[in-house]
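Working notes for the structure below.
No experiment lies behind these values; they were computed from the predicted model shown. Sequential numbering from 1 along the given sequence is applied to the chain's residues.
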Amino acid sequence: MKEVKKVETALRAVERLEEYFFRRALGATFIVWAVIIAVAGFVGLKAETIARAIEVSSGALIGFTLLVALIAGASATVYLFISAGRVVAWKKPMAVPSKKRLVGATIGLVWFVLTFAAGWVGAWSGYVVTWPVCVGLANVLTYALTRVVGRGYVEWLIVGVVLLAAFPLILIAEPADLASMIVLAATVLAYGIGGICSLLAAPGALIEGRKPGVG
């Protein structure tokens with residue numbers, strides 16, 4: 001019995017360690033995206049001025065900036081989570097429960113549908129209005145869905161609530177440039193706060209008895 005208890009204790013310790021590194025990776029990812037969005041957003045808002053200074057078209061500058069931002073963000077995200085995974089890679093792989101697979105697939109579908117909706121509806125109503133709402137809803141729903149499997153990380157809820165709370169300001173903002181600045185500020189603030197909360201909550205994952213996802 002003592003040996004069994006030792007094994008169970010060791011497994012719980014590994015799970016807490018995995019939780020710790022996941023929260024760190026999630027927090028770092030949010031902060032990286034906050035910085036990338038801030039830089040890309042600034043370039044977008046000042047595209048005409050910057051384009052004239054370097055003698056290129058504003059459309060080409062915006063397109064190049066978005067491409068670099070997406071590549072940089074995706075690369076950083078993959079690197080951070082792969083690095084976190086390697087730390088506990090020695091743990092014996094376990095089959096992913098069907099419930100978790102279903103939740104994961106549902107989250108992917110939610111993001112796909114809302115991203116498509118943001119682009120489609122935004123084509124005639126304005127992307128400044130649709131993107132914050134759709135991304136905010138996607139984050140809130142991600143939090144709700146992950147609660148089903150016991151990992152409702154509050155970071156996603158924070159991002160979603162901040163973006164949705166900014167929506168009324170975006171609607172009444174005049175001129176359009178002000179609305180764009182509000183969207184940019186709200187997005188950077190949301191991901192920045194979410195990232196900091198995740199990093200601060202990470203050490204708590206090492207405390208035995210602390211529930212996953214609770215900051």
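- We find the CG-CD1 distance between Leu45 and Ile50 to be 9.5 Å, quoted to the nearest 0.5 Å.
- Grouping the Ile, Leu, Val, Met, Phe, Trp and Tyr side chains by contacts below 4.5 angstrom, directly or via other members, places Met181 with Val188.
- Using a distance-only test at 3.5 Å, with no hydrogens or angles considered, no donor-acceptor pair links the side chain of Ser198 to the main chain of Gly194.
- Residues Arg23 and Leu199 are not in side-chain contact: their nearest non-hydrogen atoms beyond the backbone lie 4.5 Å or more apart.
- Between Ile182 and Ala173 the shortest heavy-atom distance is CD1-CB, 3.7 Å.
- Between the OG atom of Ser57 and the CZ atom of Arg52 there is a distance of 13.0 Å, given to the nearest 0.5 Å.
- Within the 4.5 Å cutoff, the side chain of Cys134 has no heavy atoms near those of the Thr115 side chain.
- Here the side chains of Phe30 and Val159 are in contact, with some heavy-atom distance below 4.5 Å.
- Taken from CG in Leu70 to OG1 in Thr65, the straight-line distance is 11.0 Å, to the nearest 0.5 Å.
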*Test log, rule side-chain hydrogen bond (donor to acceptor under 3.5 Å, both in side chains), inputs Thr130 and Trp120*: CA-CA 9 Å; Thr130 58; Trp120 183 68; over 6 Å; no

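- Using a 4.5 Å cut-off between side-chain heavy atoms of Ile, Leu, Val, Met, Phe, Trp and Tyr, with links allowed through other members, Val43 and Ile62 fall into different hydrophobic clusters.
- To the nearest 0.5 Å, atom CG of residue Leu114 and atom CG of residue Leu141 are 6.5 Å apart.
- Side chains of Leu163 and Val133 form no contact here, defined as non-hydrogen atoms less than 4.5 Å apart.
- Between Thr187 and Pro132, the closest side-chain pair of non-hydrogen atoms is not below 4.5 Å.
- Contact detail for Thr29 and Ala25: the closest heavy-atom pair is OG1-O, 2.7 Å.
- Leu145 and Leu164 fall within the same hydrophobic cluster, defined by Ile, Leu, Val, Met, Phe, Trp and Tyr side-chain heavy atoms under 4.5 Å apart, directly or through other members.
- Residue Phe42 is not grouped with residue Ile37 when hydrophobic side chains (ILVMFWY) are merged at heavy-atom distances under 4.5 angstrom, including chains of intermediate members.
- Considering every non-hydrogen atom in both Gly160 and Val140, the closest pair reads CA-CG2, 3.8 Å.
- Between Trp156 and Thr146 the shortest side-chain heavy-atom distance falls below 4.5 Å.
- Considering every non-hydrogen atom in both Ala202 and Arg24, the closest pair reads CB-CG, 3.7 Å.
- Between Val135 and Tyr191, the closest side-chain pair of non-hydrogen atoms falls below 4.5 Å.
- Leu17 places a side-chain heavy atom less than 4.5 Å from the side chain of Phe21.
- Rounded to the nearest 0.5 Å, atoms CD1 (Ile107) and CG (Asn139) are 10.5 Å apart.
- In this model, a donor atom of one side chain and an acceptor atom of the other lie less than 3.5 Å apart for Trp111 and Thr142.
- Hydrophobic clustering of Ile, Leu, Val, Met, Phe, Trp and Tyr side chains at less than 4.5 Å, counting indirect connections, keeps Val35 apart from Val32.
- A distance of 13.5 Å separates NZ of Lys46 from CG of Leu61, quoted to the nearest 0.5 Å.
- The ring pair (Phe, Tyr, Trp, His ring centres under 6.0 Å) check on Phe22 picks up Phe81, Tyr153, with sequence neighbours excluded.
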*For side-chain hydrogen bond (donor to acceptor under 3.5 Å, both in side chains), just list the numbers for Thr77 and Trp33, CA-CA rounded to whole Å, side-chain angles, deciding distance to a tenth of an Å, and then say yes or no.*
CA-CA 9 Å; Thr77 300; Trp33 276 106; 3.1 Å; yes

